[in-house]
Novice: 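Pasting a structure here, questions to come.
The figures that follow rest on heavy atoms only: side chains count, while hydrogens, waters and symmetry mates do not.
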Amino acid sequence: MRTLSAADLQALANSARYAGQATLSLRFLQTLRRRFPATSPARTAAFLMGRVEADLRGRCSAAVRWFSTYLREAPAGPLVEAALGRRMGCYAKTGRRSLALRDARAYLKRYPRGLFAAQARRLVAP
């Protein structure tokens, strides 16, 4: 892992994630972030780490940290909609209603017809 490119690390992380190998996927992504800090691939790795934590490990608290990291590092990045929607879902799933509601309102303001809009509307409905 010390000599692989960022693209190779991400490809291996994705392969491991698709195979359900959460630990291995996270290891590749952590290596990518450590070796290529403050780069677009490192920011994408933060989002992907959130997906691994949420989808493969069922650890919404860890996923929230990684989605928040992505949103902080790439506030205009290509995965903002997905990171915000997934973080909103994790907050709702873990009973953090006020944070889920905050994200739902922000999501609807930016993406009124987005992938997570129906979920956001359910959260903001009285």
Side-chain angles (χ1 to χ4, degrees):
M1 282 196 266
R2 291 182 202 158
T3 60
L4 294 172
S5 69
D8 287 343
L9 287 166
Q10 187 171 344
L12 289 168
N14 285 337
S15 294
R17 183 169 52 91
Y18 298 143
Q21 299 294 317
T23 302
L24 185 57
S25 181
L26 289 170
R27 193 166 158 215
F28 285 124
L29 293 168
Q30 288 165 344
T31 300
L32 191 158
R33 284 186 57 81
R34 187 175 55 253
R35 287 194 48 228
F36 303 96
T39 64
S40 180
R43 292 185 286 274
T44 298
F47 173 80
L48 293 173
M49 290 171 80
R51 286 194 62 183
V52 169
E53 291 290 4
D55 300 345
L56 297 182
R57 288 188 156 178
R59 295 177 50 188
C60 272
S61 293
V64 161
R65 285 192 300 274
W66 286 114
F67 293 140
S68 295
T69 297
Y70 177 82
L71 291 167
R72 186 176 59 255
E73 292 179 359
L79 300 171
V80 167
E81 179 184 357
L84 185 58
R86 285 177 161 273
R87 186 176 72 177
M88 172 190 65
C90 281
Y91 280 144
K93 191 174 191 177
T94 58
R96 299 170 79 183
R97 176 134 175 85
S98 64
L99 294 171
L101 191 56
R102 178 202 66 193
D103 279 359
R105 287 182 179 131
Y107 184 91
L108 288 171
K109 186 174 182 178
R110 288 181 78 173
Y111 310 104
R113 293 194 170 120
L115 184 61
F116 298 90
Q119 180 183 8
R121 280 190 204 87
R122 284 192 300 273
L123 285 167
V124 299

Novice: Taking Y70 for the side chain and L79 for the main chain, is one N or O donor matched with an acceptor at less than 3.5 Å?
Specialist: yes
Novice: Decide yes or no for V52 and M49: does some side-chain heavy atom of the first lie under 4.5 Å from some side-chain heavy atom of the second?
Specialist: no
Novice: Nearest heavy-atom pair of L123 and R97: which atoms, and what distance?
Specialist: O-NH2, 3.0 Å
Novice: Can you check whether F67 reaches R51 side chain to side chain, under 4.5 Å on heavy atoms?
Specialist: yes
Novice: Just verifying a value: how many Å separate C90 SG and R96 CZ, rounded to the nearest 0.5 Å?
Specialist: 10.0 Å
Novice: Given E53 and V64, is the side chain to side chain contact (heavy atoms under 4.5 Å, CB included) satisfied, shown in steps?
Specialist: CA-CA 9 Å; E53 291 290 4; V64 161; over 6 Å; no
Novice: Please determine whether a side-chain nitrogen of the Lys or Arg among D55 and R86 lies less than 4.0 Å from a carboxylate oxygen of the Asp or Glu.
Specialist: yes
Novice: Report the distance from atom CG of L108 to atom CD of Q119, rounding to the nearest 0.5 Å.
Specialist: 10.5 Å
Novice: Same cluster or not: are L71 and M88 linked, directly or through other Ile, Leu, Val, Met, Phe, Trp or Tyr residues, by side-chain heavy atoms under 4.5 angstrom apart?
Specialist: yes
Novice: How far apart are the closest heavy atoms of E73 and A42, and which atoms are they?
Specialist: OE1-O, 4.5 Å
Novice: Could you check whether any side-chain N or O of R105 sits under 3.5 Å from a backbone N or O of V124, counting only pairs where one atom can act as donor and the other as acceptor?
Specialist: no
Novice: Mark yes or no for whether R57, through its side chain, and A63, through its backbone, hold a donor-acceptor pair below 3.5 Å.
Specialist: no
Novice: Can you measure from CG (L32) to CG (L26) and round to the nearest 0.5 angstrom?
Specialist: 12.5 Å
Novice: Whether the side chain of R35 engages the backbone of L4 through a donor-acceptor N/O pair (distance < 3.5 Å, no angle test) should be reported.
Specialist: yes
Novice: Count the heavy atoms belonging to other residues, nucleotides or ligands that lie under 6.0 Å from CZ of R27, then report whether that count exceeds 12.
Specialist: no
Novice: Do side-chain atoms of R43 reach the backbone of R72 as a donor and acceptor pair under 3.5 angstrom?
Specialist: no
Novice: To the nearest 0.5 Å, what is the distance between OG (S25) and CD (Q30)?
Specialist: 9.5 Å
Novice: With sequence neighbours excluded, tell me which residues meet ring-ring contact (aromatic ring centres under 6.0 Å, His included) with Y111.
Specialist: Y107
Novice: Report the distance from atom OG1 of T44 to atom CZ of R33, rounding to the nearest 0.5 Å.
Specialist: 10.0 Å
Novice: Do V80 and R110 have side chains that approach each other closer than 4.5 Å (heavy atoms only, starting at C-beta)?
Specialist: yes
Novice: Verify the cluster assignment for L29 and M1: are they in a single hydrophobic cluster under the rule of side-chain heavy atoms below 4.5 Å apart?
Specialist: no
Novice: Give the C-alpha distance, both sets of side-chain angles, the deciding distance and a yes or no for side chain to side chain contact (heavy atoms under 4.5 Å, CB included) between F36 and L9.
Specialist: CA-CA 11 Å; F36 303 96; L9 287 166; 4.0 Å; yes
Novice: Roughly how far, to the nearest 0.5 Å, is the OG atom of S61 from the CH2 atom of W66?
Specialist: 14.5 Å
